[in-house]
Amino acid sequence: MSLGYAEKLSYIEDVGNVGMSEFFDSSHVLQEKIERLAEMIQKSKHLVVFTGAGISTSCGIPDFRGPKGIWTLQREGKPLPEASLPFHRAMPSMTHMALVELEKAGILKFIISQNVDGLHLRSGIPREKLAELHGNSFMEVCPSCGVEYLRDFEVETIGLKETSRRCPDVKCGAKLKDTVLDWEDALPTKEMLPAEKHCRMADVVLCLGTSLQITPACNLPLKCLRGGGKIIIVNLQKTPKDKKASLVIHGFVDKVIAGVMNLLNLRIAPYVRIDLLQVIITQSLSLDERYVNWNLRVASVHAPKAPLPFIKSIEVSFTDAQKYKAAVLHDQPFNLKRRTAPAEAFEILLKLNFSDGCGCPSIQINVPVNFKVSSDCFNLDKESAIQNLKERAIQDLCCGQNALIERKVILEPKTEVANHALVTNIRAFNSDSWSNGDVKHPRGVNGTKICRKRSFGRKRKSRF
């Protein structure tokens, strides 16, 4: 989880058992258990997956109760672990993306997550097939109309508090709230009801990377037993529910799932991260009407004052370099003011320098400017445009592609707003290497550039 998230939690002395020993099944036993698991998944009619922090450790996010977990180190008086990349740039693991394929294949019916990292949603799991019991660090919700807003930045508060933004619906406008629970917050009914329903319906509940310590969440998988369902636990530590399980596997979650996917002949698609931004140009005539005063702003699509966490700086240049002075914008909000003759048409070249964790150092966007052109708006098929971006990125296994997906004009003051979609990360997976014993991180795990052609315990209301 985010170290910032851990620091935002209210202080509590007893966080349950921490620092538990890790166990590893021998390679022979592990392979036999993977084969049993694959068979059980293949035969299942209603598979439910219950996930904990252990499925995100390969994404560079520390867990809580492991030997080097956040709670463990805190209890030992040691410094907290250093995250290998910014929390907002964490990418889904092989396990996250494998679950997407199982859902697409009609095998996986529902996911119950105790994590707040938002990686299930980023991976492509439909919201209606996901219960996030403890909330999402990247989600805001409107308490009035109920609309959820998934952000590209970590929401600044936890504990279901009001944030600094309002619902953009002109008929609403209520203050938004974060969705992440603090220690004493009860599990939300909206998430618990479908979770309980699907656990009762399940013939298999697969628990991945969770210590199954904290009630009431840890008791959800047990609800399948009354209907004859089976529990499978994949975790490096022993759990209080092991005796209730039909199968307990001690191994890396990614390695286990990679073996299962190979046995099921299911390919794990690459993960492609798409980020959005706005390029806003506002213009007005000078008092003598000899010039156009214009302002360039590069901003978030999420809210007027929202940050752009994936942009470090912007280099602004022009096609006619002799006439227009270049600039480098280091501070957000990214603004540039200039004046030109009204009849002139030119092109702005924006070099976007990405922050740490992105898969390529920079990309360039060309912005045509013509103050005499029509003020008509146009809307592209956003879903198709984004899907085309993903396909191009997967074909080349390279990030950096971008596309204009929307343009609108505001007449007073005259403003053009262009929304762009950018491929800022791609992470590909080779399940063969994992299932054959290679437990190194898949390529692209730390956001390094990829650009090559494809070859082919304690009772609590809630907590981790």
Side-chain angles (χ1 to χ4, degrees), residues 1 16 40-41 44-56 64 92 95-96 98-100 102-103 106-139 141 146 148 150 158 160 177-235 239-241 244-246 253 457-464:
M1 293 303 142
M40 294 171 74
I41 290 176
S44 68
K45 302 297 183 184
H46 198 97
L47 172 66
V48 172
V49 170
F50 185 84
T51 65
I55 74 162
S56 296
F64 283 91
T95 297
H96 288 101
L99 296 179
V100 173
L102 289 171
E103 188 277 326
I107 298 171
L108 174 59
K109 306 302 183 184
F110 200 75
I111 293 178
I112 304 166
S113 176
Q114 301 170 94
N115 299 337
V116 300
D117 54 32
L119 292 179
H120 282 304
L121 281 180
R122 292 205 185 282
S123 70
I125 291 294
R127 181 66 178 97
E128 65 273 14
K129 294 190 177 182
L130 172 67
E132 294 185 303
L133 298 182
H134 298 138
N136 186 327
S137 291
F138 300 91
M139 184 82 77
V141 64
E148 295 177 331
L150 184 63
I158 70 165
L160 313 180
K177 291 187 175 184
D178 71 76
T179 64
V180 177
L181 306 186
D182 205 342
W183 283 106
E184 298 306 322
D185 292 319
L187 294 177
T189 302
K190 179 183 175 183
E191 309 298 326
M192 279 294 287
L193 288 180
E196 291 176 342
K197 170 189 170 184
H198 282 279
C199 282
R200 291 191 185 100
M201 296 172 62
D203 55 357
V204 175
V205 177
L206 175 59
C207 302
L208 300 176
T210 171
S211 62
L212 293 168
Q213 280 199 57
I214 304 303
T215 59
C218 69
N219 289 325
L220 283 171
L222 303 182
K223 294 185 181 296
C224 77
L225 298 176
R226 182 171 297 181
K230 297 179 179 179
I231 298 173
I232 300 107
I233 298 172
V234 182
N235 200 53
T239 83
K241 309 300 182 186
K244 301 283 187 180
S246 298
V253 174
R458 161 188 166 131
K459 186 170 183 178
R460 299 291 306 282
K461 290 182 179 178
S462 66
R463 201 65 281 137
F464 300 90

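For Lys241, the side chain to side chain donor-acceptor pair (under 3.5 Å) partners at least two apart in sequence or on another chain are Asn219. Remark: Val253 engages Ile55, Thr95, Leu208, Val234, Ile257 in a side-chain contact (heavy atoms from CB on, under 4.5 Å) (not counting sequence neighbours). With sequence neighbours left out, Lys244 forms a side-chain contact (heavy atoms from CB on, under 4.5 Å) with Leu222, Leu225. Applying the ring-ring contact (aromatic ring centres under 6.0 Å, His included) criterion to His120, with sequence neighbours excluded, gives His96. Residues passing the side chain to side chain donor-acceptor pair (under 3.5 Å) test with Glu148 are Arg127, Lys190, sequence neighbours excluded. Scored by the side chain to side chain donor-acceptor pair (under 3.5 Å) test, Thr239 finds Asp242 as partners (sequence neighbours excluded). With sequence neighbours excluded, no residue forms a side chain to side chain donor-acceptor pair (under 3.5 Å) with Lys45.
Looking at heavy atoms from C-beta onward, Val116 lies out of side-chain contact with Glu132 at the 4.5 angstrom threshold. Side chains of Leu220 and Met192 form a contact here, defined as non-hydrogen atoms less than 4.5 Å apart. Inter-residue side-chain proximity for Arg122 and Phe138 is flagged as met; some heavy-atom pair is nearer than 4.5 Å. The closest side-chain heavy-atom distance from His134 to Leu187 is below 4.5 Å. At least one side-chain heavy atom of Val100 sits less than 4.5 Å from a side-chain heavy atom of Ile125. Annotation: side chain of Asn136 is in contact with side chain of Leu150 (closest heavy-atom distance under 4.5 Å). In this structure, Pro188 and Leu181 have side chains that are in contact, with non-hydrogen atoms separated by less than 4.5 Å.
Residues in residues 205-229 take part in no ring pair (Phe, Tyr, Trp, His ring centres under 6.0 Å) pair, two or more places apart or across chains. Here salt bridge (charged side-chain N to carboxylate O under 4.0 Å, His left out) pairs that include residues 202-228, with residues two or more places apart or in two chains, number zero.
In terms of heavy atoms, Phe50 sits closest to Ala217 at CZ-O, 3.4 Å. Across every non-hydrogen atom of Asn115 and Ser113, the tightest pair is N-OG, 3.0 Å. Of all heavy-atom pairs between Pro221 and Val205, the closest is CB-CG1, 3.7 Å. When all heavy atoms of Thr210 and Thr51 are compared, the closest pair comes out as CB-C, 4.5 Å. Here the shortest heavy-atom pairing between Cys207 and Ile231 reads SG-CG2, 4.1 Å. Pro240 and Ser211 make their closest contact through CD-O, 3.3 Å (heavy atoms, listed as atom of the first residue, atom of the second, distance).
Here the NZ atom belonging to Lys230 is positioned 11.0 Å from the OG atom belonging to Ser44, to the nearest 0.5 angstrom. If you take CG on Leu102 and NZ on Lys109, they are separated by 11.0 Å, rounding to the nearest 0.5 Å. Separation of atoms CD1 (Ile112) and SG (Cys199) is listed at 3.5 Å; rounding is to 0.5 Å.
In this structure, Glu103 contributes its side chain and Leu108 its backbone to no donor-acceptor pair below 3.5 Å. Under a 3.5 Å cut-off, the side chain of Asp117 and the backbone N or O of Leu119 do form a donor-acceptor pair. Asp182 places no side-chain N or O within 3.5 Å of a backbone atom of Glu184 that could act as its donor or acceptor partner.
Of the candidates Leu206, Val49, Ile232, Leu206 is the only one forming a side-chain contact (heavy atoms from CB on, under 4.5 Å) with Ile41.
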